[in-house]
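Below: the structure, in structure tokens.
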Amino acid sequence: MSVVNHRVALKNLVSMEQLTNEDVLGLLSRGSEYKAGKVTLSDNKKHFVANLFFENSTRTHKSFEVAEKKLGLTVLDFNTDTSAVNKGETLYDTVLTMSALGTEICVIRHPEDEYYKELVESPTVTASIVNGGDGSGQHPSQCLLDLLTIYEEFGKFEGLKIAIAGDLTHSRVAKSNMQILKRLGAELYFYGPEEWYASEFDDYGTYVAIDQIIDELDVLMLLRVQHERHDGRQSFSKEAYHRQFGLTKERYKSLKASAIIMHPAPVNRDVEIADSLVEAPKARIVTQMANGVFVRMAIIEAILNGRSEK
Ligand code: CP
């Protein structure tokens with residue numbers, strides 16, 4: 001299956017599950033066009049967008065902002081520390097207020113799984129919701145930038161052997177990627193600590209030991225150990241995790257010449273991946289970050305398309 005010229009129009013983007021394969025490939029195609037500088041940018045000043053981040057972020061927050069500014073939208077400043085959130089305003093009331101002010105798109109990151117449900121079902125919230133990550137739920141823009149990075153490398157998804165590795169149960173990146181990668185024909189493997197694996201993953205791939213599969217992989221997708229979701233329970237020392245589950249310098253040597261390494265970042269250096277490998281020849285971590293801007297331009301454009309069709 002290859003990327004296609006398909007005009008994508010979305011009311012909201014909250015989960016990869018809502019997208020057809022054609023939508024996904026259309027967004028990747030458009031992201032590639034933005035990356036290649038092939039799109040004539042129009043004047044979008046009249047469209048207001050707010051990035052509401054209730055959890056910390058560097059990449060998602062700032063690359064959405066860059067994408068929105070490249071597209072010429074008017075980006076509203078919003079900071080939870082200086083907003084009425086500090087006086088107890090709920091997420092619903094913040095977004096309702098943004099809608100009332102004429103904000104057309106709210107990009108939201110929030111620690112609660114599926115925080116977006118009551119927003120997209122509300123008849124009075126008129127803003128489109130773009131999910132910048134919900135708890136351990138979904139992270140669709142990260143998933144799309146991951147797909148673009150894989151597609152740029154291999155020109156296909158069918159038959160690729162891809163391992164998703166590490167803190168699986170807490171990872172919205174794993175959950176977004178496993179469903180769509182399976183749908184697009186990839187062969188999936190999982191590995192990591194047993195306590196961070198759940199039977200829900202069995203529907204998408206095979207749980208293996210890293211050293212059993214590493215020399216066959218096309219893509220090794222490492223996940224961040226999400227300390228903030230472990231309630232202070234720390235079952236591994238950094239060294240033990242790295243030795244058992246991380247990409248060590250020795251394991252790197254076992255990868256195929258054509259294999260690539262991915263990580264959504266931020267990286268815990270010397271935990272998921274050896275410090276010296278973060279920018280190694282097979283690593284695509286910096287490419288992922290760069291691709292985030294172009295994929296997010298495609299997402300924002302798809303939302304504007306969807307709103308213009310109402
Ligand atoms: N990959 C990712 O979501 O990074 P941020 O938390 O910095 O947005």
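All ligand and atom numbering here is 1-based and tracks the order in the structure. Excluded from the calculations below are hydrogen atoms, water molecules and symmetry mates; all remaining heavy atoms, backbone and side chain alike, are included.
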Using a 3.5 Å cut-off on N/O to N/O, what pairs does ligand 1 make with the protein? A line per pair would be great.
residue  : atom  : partner : partner atom : Å
ligand 1 : 1 (N) : Q142    : OE1          : 3.0
ligand 1 : 1 (N) : P264    : O            : 2.9
ligand 1 : 1 (N) : A265    : O            : 2.8
ligand 1 : 3 (O) : T60     : OG1          : 3.0
ligand 1 : 3 (O) : R109    : NH2          : 3.0
ligand 1 : 3 (O) : H139    : NE2          : 2.9
ligand 1 : 4 (O) : R59     : NE           : 3.1
ligand 1 : 4 (O) : A265    : O            : 3.3
ligand 1 : 6 (O) : R109    : NH1          : 2.8
ligand 1 : 7 (O) : T58     : N            : 2.8
ligand 1 : 7 (O) : R59     : N            : 2.9
ligand 1 : 7 (O) : R59     : NE           : 3.1
ligand 1 : 7 (O) : R59     : NH2          : 3.0
ligand 1 : 8 (O) : S57     : OG           : 2.6
ligand 1 : 8 (O) : T60     : N            : 2.9
ligand 1 : 8 (O) : T60     : OG1          : 2.6
ligand 1 : 8 (O) : R109    : NH1          : 3.4
ligand 1 : 8 (O) : R109    : NH2          : 3.2

message = Within a 6.0 Å radius of atom NZ on K282, are there more than 12 heavy atoms belonging to other residues, nucleotides or ligands?
response = yes

query = Is atom CG of D203 surrounded by more than 12 heavy atoms (other residues, nucleotides or ligands) closer than 6.0 Å?
reply = yes

Over 12 non-hydrogen atoms of neighbours within 6.0 angstrom of CG in N79 = yes

remark   = What one should report as the nearest heavy-atom pair of P140 and S15 is CG-N, 4.1 Å

Salt-bridge criterion met for D134 and R172 (N-O under 4.0 Å) = no

inquiry  = Apply ring pair (Phe, Tyr, Trp, His ring centres under 6.0 Å) to residues F236 and F245 and explain how you reach the verdict.
reply    = CA-CA 11 Å; F236 299 94; F245 307 108; 5.6 Å; yes

